[in-house]
Amino acid sequence: MLKNHKLFLFDMDGTLVDSLMLWEVIWSAFGEKFLGDRSFVPNAEDDKKVRTLTLKDAMVLIHEHYHLGESGEAVWNEASRIIGDFYKSDVKLKEGAKEFLEYCKNSGVKMCIASATAPDLIELAMKHCEIEQYFSKIFSCSQIGKGKEEPDVFLMAADYFGEDKAETWVFEDSLVAIETAVGVGMPTVGIYDRFNFGQERIKEIATEYIGEGETLLKL
């Protein structure tokens with residue numbers, strides 16, 4: 001088990017649930033709806049950026065950069081519908097995730113969600129995957145108005161539980177989020193996801209790393 005741990009902050013997408021392929025579903029659906037071409041994808045820079053922004057900010061960016069839909073809000077509404085349907089019926093836990101959460105609960109570790117995803121969508125995913133019982137609180141970048149390029153969501157969670165940063169572990173698959181947590185002195189668990197970038201850098205800077213073919217049970 002990890003050393004000096006009092007609180008675990010779990011990202012949702014790509015960390016606990018296998019859902020990052022959802023972006024490919026969204027781009028394809030956007031292409032069909034707005035352009036009549038399912039092959040639409042944003043450029044590599046924008047594709048990376050939207051994964052750490054709040055969904056609303058991400059969709060405003062997509063609207064402004066690619067002129068999809070009538071407004072950023074219209075694109076956001078469409079994305080929310082697609083994601084809601086996915087989380088409600090299709091999303092799956094990553095292998096070993098539930099067993100690890102059960103072990104942490106039995107060990108008395110405090111756990112919460114710290115995600116860029118909106119709370120209502122997080123709740124749909126947790127209900128579908130039957131993991132609501134492991135988390136006492138949800139912290140969402142969408143509530144704060146800042147993505148994970150800023151540390152606010154992590155610091156707010158640590159402050160809420162009254163725990164020191166050095167004993168608050170951040171579980172993440174995103175390089176941007178890992179860099180942010182490391183930057184404020186929080187220990188991190190970097191988690192491989194085939195749809196994410198920067199794996200070598202994550203492995204280099206994370207306190208612990210769950211590589212390809214490994215699960216959280218490694219810890």
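FYI, the numbering just counts along the sequence from 1.
- One finds the CG atom of Leu101 at 10.0 Å from the CZ atom of Phe8 (value rounded to the nearest 0.5 Å).
- One N or O on the side chain of Lys98 and one on the backbone of Glu130 form a donor-acceptor pair closer than 3.5 Å.
- Looking only at side-chain heavy atoms (C-beta outward), Ile62 and Trp27 come within less than 4.5 Å of each other.
- In this structure, Val189 and Trp169 have side chains that are in contact, with non-hydrogen atoms separated by less than 4.5 Å.
- Interatomic distance, Ile144 CD1 to Lys146 NZ, rounded to the nearest 0.5 Å: 8.5 Å.
- Across Asp173 and Gly14, no two heavy atoms sit closer than the pair CB-O, 3.5 Å.
- Within 6.0 Å of atom NZ in Lys203, 12 or fewer heavy atoms from other residues, nucleotides or ligands are found, so the atom counts as exposed in its surroundings.
- Gln143 contributes a side-chain N or O that, together with a main-chain N or O of Ser140, makes up a donor-acceptor pair within less than 3.5 Å.
- Counting all heavy atoms, side chain and backbone alike, Lys94 lies closest to Thr15 at CD-O, 3.6 Å.
- Applying side chain to side chain donor-acceptor pair (under 3.5 Å) to Ser19 and the options Asp193, Asp13, Asp90 leaves one that passes, Asp13.
- Although no hydrogens or angles enter the test, the distance criterion places no donor-acceptor pair under 3.5 Å between the side chain of Thr188 and the main chain of Gly190.
- The list of salt bridge (charged side-chain N to carboxylate O under 4.0 Å, His left out) pairs with a residue in residues 51-76, not counting sequence neighbours, reads Asp47-Arg51.
- Of all the heavy atoms in Glu208 and Leu219, the pair that sits closest is CB-CD2, 4.2 Å.
- With hydrogens and angles disregarded, a donor-acceptor distance shorter than 3.5 Å links the side chain of His63 to the backbone of Leu68.
- Using a 4.5 Å cut-off on side-chain heavy atoms (C-beta onward), Ile205 and Glu179 make contact.
- The shortest side-chain heavy-atom distance between Arg194 and Glu212 does not fall under the 4.5 Å cut-off.
- Salt bridge Glu102/Lys105: absent, no basic N to carboxylate O contact under 4.0 Å.
- Distance NZ/Lys165 to CZ/Phe154: 13.0 Å, rounded to 0.5 Å.
- You'll find the side chain of Pro42 reaches within 4.5 Å of the side chain of Phe40, heavy atoms only.
- Checked by atom type and distance alone, the side chain of Lys92 never pairs as donor or acceptor with a backbone atom of Val17 at under 3.5 Å.
- The cationic group of Lys137 lies under 6.0 Å from the six-membered ring centre of Tyr160 and within 45° of the ring axis, placing it in a cation-pi geometry.
- Taking hydrophobic clusters as Ile, Leu, Val, Met, Phe, Trp and Tyr residues chained together by side-chain heavy-atom distances below 4.5 Å, Phe10 does not share a cluster with Val182.
- Val170 and Leu175 end up in different hydrophobic clusters when Ile, Leu, Val, Met, Phe, Trp and Tyr side chains are linked at under 4.5 Å.
- Here the side chains of Phe171 and Leu216 are in contact, with some heavy-atom distance below 4.5 Å.
- Using a 3.5 Å distance cut-off with no hydrogens or angles, the side chains of Tyr209 and Gln199 do pair a donor with an acceptor.
- A side-chain donor-acceptor contact under 3.5 Å links His5 to the backbone of Leu2.
- A 4.5 Å side-chain heavy-atom check between Thr180 and Met186 finds every atom pair outside the cut-off.
- Note on Tyr192 and Met12: separate hydrophobic clusters, where clusters join Ile, Leu, Val, Met, Phe, Trp and Tyr whose side-chain heavy atoms are under 4.5 Å apart, directly or indirectly.
- Scanning both residues, Gly84 and Leu124, for their nearest heavy atoms gives O-CD1, 3.8 Å.
- Counted within 6.0 Å of CD on Glu99, heavy atoms from surrounding residues, nucleotides or ligands total more than 12; the atom is thus considered enclosed.
- Judged purely by atom type and a 3.5 angstrom limit, Asp11 has no side-chain atom pairing as donor or acceptor with the backbone of Ser115.
- Under a hydrophobic clustering in which Ile, Leu, Val, Met, Phe, Trp and Tyr are joined whenever their side-chain heavy atoms come within less than 4.5 Å, directly or via other members, Leu22 and Met59 fall into the same cluster.
- A salt bridge links Glu163 to Lys110: one of the charged nitrogens lies within less than 4.0 Å of a carboxylate oxygen.
- Between Val75 and Phe30 the shortest side-chain heavy-atom distance falls below 4.5 Å.
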*Decide yes or no on side chain to side chain contact (heavy atoms under 4.5 Å, CB included) for Ile113 and Met126, but give the supporting numbers first.*
CA-CA 10 Å; Ile113 297 292; Met126 291 200 302; 4.1 Å; yes

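- Taking hydrophobic clusters as Ile, Leu, Val, Met, Phe, Trp and Tyr residues chained together by side-chain heavy-atom distances below 4.5 Å, Ile131 shares a cluster with Ile83.
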*Stepwise side chain to side chain contact (heavy atoms under 4.5 Å, CB included) test for Asp46 and Tyr66*: CA-CA 10 Å; Asp46 288 342; Tyr66 302 94; 2.8 Å; yes

*Going through the distances and angles, do Leu9 and Cys112 end up as a side chain to side chain contact (heavy atoms under 4.5 Å, CB included)?*
CA-CA 5 Å; Leu9 310 183; Cys112 69; 3.2 Å; yes

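- Here the straight-line distance linking atom NZ of Lys33 with atom OG of Ser28 works out to 13.5 Å at 0.5 Å rounding.
- The minimum heavy-atom distance between Leu16 and Ala97, with the atom names listed, is O-CB, 3.9 Å.
- Side-chain atoms of His128 come within 3.5 Å of backbone atoms of Lys88 as a donor-acceptor pair (strictly under, hydrogens ignored).
- Nearest approach of Ala157 to Leu7, heavy atoms of both residues: O-CD2, 3.9 Å.
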*Please walk me through it: do Trp76 and Val60 pass side chain to side chain contact (heavy atoms under 4.5 Å, CB included)?*
CA-CA 7 Å; Trp76 172 54; Val60 168; over 6 Å; no

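- Figure legend: cation-pi geometry between Lys48 and Phe197, with NZ or CZ positioned under 6.0 Å from the six-membered ring centre and within 45° of its axis.
- A donor-acceptor pair under 3.5 Å is formed between the side chain of Glu214 and the backbone N or O of Gly211.
- Judged by distance alone, with hydrogens and angles left aside, the side-chain atoms of Thr117 form no donor-acceptor pair with the main-chain N or O of Ile122 at under 3.5 Å.
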*Evaluate the salt bridge (Lys or Arg N to Asp or Glu O under 4.0 Å) criterion for residues Glu172 and Lys148: first the C-alpha distance (whole Å), next the side-chain angles of each, then the deciding distance (0.1 Å), finally the verdict.*
CA-CA 11 Å; Glu172 274 283 355; Lys148 289 183 178 177; 2.4 Å; yes

